[in-house]
There are 2 protein chains.
Amino acid sequence: MSYSIAEAARRSGLSIDTLRYYERIHLLDPPERDAAGRRAYSEADLTWLQFLTKLRTTGMPIRRMREYASLRKRGVASAARRRTILIEQRGSVAERIAELQSCLDVLDYKITNYEQLEQGYSSAVREVTA
Amino acid sequence: MSYSIAEAARRSGLSIDTLRYYERIHLLDPPERDAAGRRAYSEADLTWLQFLTKLRTTGMPIRRMREYASLRKRGVASAARRRTILIEQRGSVAERIAELQSCLDVLDYKITNYEQLEQGYSSAVREVTA
DNA sequence: GTACGACCTGGAGCGCGCTCCAGGTCAACA
DNA sequence: TGTTGACCTGGAGCGCGCTCCAGGTCGTAC
């Protein structure tokens with residue numbers, strides 16, 4: 001089973017342009033081509049794309065994804081290095097979550113203030129007009 | 001008490017250039033100037049900068065921060081609208097946290113696999129070489 | 001009085017991650 | 001046979017959020 005670029009885009013959630021772009025920058029190996037020279041993405045290509053989008057969502061820069069991609073081509077020998085990259089990324093995601101949590105607290109505090117203002121608590125005015 | 005731009009940068013964690021940039025794009029009202037025409041940031045300026053950096057950390061685009069900033073200048077009348085913006089942002093932060101959590105799960109799964117590989121579980125090879 | 005360092009301005013430049021475009025090929029269908 | 005539509009290529013362009021630069025002004029220290 002293989003997929004046209006449109007189908008691969010639909011399934012991966014990336015745009016057609018982005019798929020070609022990822023190939024150009026060696027994030028994705030060139031997929032097979034059909035008789036007419038059109039890209040035919042394999043199941044494995046899609047799995048890899050899915051993982052790439054996860055990495056992207058974590059905020060991993062493309063340059064780092066490329067490093068990971070190139071290590072992957074070197075097979076099992078590169079497993080330790082790849083693991084290190086993932087562990088680092090896990091750390092940075094955890095940090096980011098903590099950071100967002102703290103922002104969430106600030107937002108909650110502010111929102112509460114606005115609500116108190118709405119309810120006529122004059123003590124909230126100081127905060128809201130600050 | 002007022003602060004030089006260098007001091008304000010140090011305290012806010014933003015660069016000097018960024019402070020001037022924020023002023024230029026009306027995220028920050030022009031601070032007072034000292035006798036020599038140099039910026040003199042007030043305590044209130046710093047408080048606002050601190051809040052701005054929180055918003056930025058949540059991923060709020062600058063255009064939206066500008067909207068918030070301009071509402072703030074309109075005083076209490078704009079409080080409801082500002083509250084709405086913050087509530088929306090809280091929602092998007094919560095979503096983002098959830099998304100990151102799910103990425104964390106994927107990373108953990110992958111990392112576990114790499115560790116099993118290291119320990120000689122051949123069943124992990126399939127995953128790692130995929 | 002001159003050297004220094006912090007600050008000023010307007011404007012150009014940059015890195016990132018796409019996104020769009022022109023001009024072309026090809027297979028399928030009316 | 002002609003038109004459509006999906007796909008191709010190489011390369012330019014874009015929006016974001018800064019970041020850097022040249023050339024200038026001030027106040028202080030020697």
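Keep in mind that the numbers below use all heavy atoms, side chains included, and drop hydrogens, waters and symmetry copies. Each chain gets a letter, A, B and so on, in the order the sequences are listed, and its residues count up from 1.
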Residue A:Glu99 excluded, over 12 heavy atoms near CD under 6.0 Å: yes
B:Arg56 side chain near D:dG17 phosphate (N/O to OP1/OP2, under 4.0 Å): no
B:Ile5 side-chain proximity, nearest of C:dA27, D:dT19, C:dC8: C:dC8
Phosphate contact (C:dG17 OP1 or OP2) by A:Arg24 side-chain N/O below 4.0 Å: no
N/O (side chain, A:Thr18) to phosphate O (OP1/OP2, C:dG17) under 4.0 Å: no
Side-chain N,O (B:Tyr21) to OP1/OP2 (D:dC20) below 4.0 Å: no
Euclidean distance, atom CZ of residue B:Arg10 to atom P of C:dA6 [Å, nearest integer]: 15 Å
Presence of A:Ser4 side-chain N/O under 4.0 Å of D:dA6 phosphate oxygens OP1/OP2: no
Sugar-phosphate only, base, or nothing, as touched by A:Ala35 at under 4.0 Å among non-hydrogen atoms: nothing
Spacing of B:Met65 atom CE relative to D:dG17 atom C1', expressed in whole Å: 9 Å
A:Arg33 side chain near D:dT9 phosphate (N/O to OP1/OP2, under 4.0 Å): yes
Phosphate-side-chain proximity, A:Arg20 and D:dT9, N/O vs OP1/OP2 below 4.0 Å: no
Main-chain N/O of A:Glu7 paired to A:Ser4 side chain as donor or acceptor, under 3.5 Å: yes
Distance in angstrom units between B:Asp17 CG and C:dG13 P, rounded: 16 Å
5'-most by nearest nucleotide on DNA chain C - A:Ala36 or A:Ser15: A:Ser15
Any B:Tyr22 side-chain N or O less than 4.0 Å from OP1/OP2 of D:dG17: no
Atom pair distance, as rounded to whole Å: CG in A:Leu19 and C1' in C:dC20: 16 Å
Nucleotide nearest B:Arg38 when distance is taken to its side chain, options C:dC26, C:dC8, D:dT19: C:dC8
Aromatic centroids of A:Phe51 and A:Tyr68 separated by under 6.0 Å: yes
Taking every non-hydrogen atom, the tightest pair across A:Ala6 and A:Ile16: CA-CD1, 4.0 Å
More than 12 heavy atoms from other groups under 6.0 Å of CD on A:Glu88: yes
Selected nucleotide, minimal atom distance to B:Arg63 side chain, candidates D:dC16, C:dC7, D:dA12: D:dC16
Atom pair distance, as rounded to whole Å: CG in A:Asp34 and C1' in D:dC8: 11 Å
N or O in side chain of A:Arg39 less than 4.0 angstrom from D:dC7 OP1/OP2: no
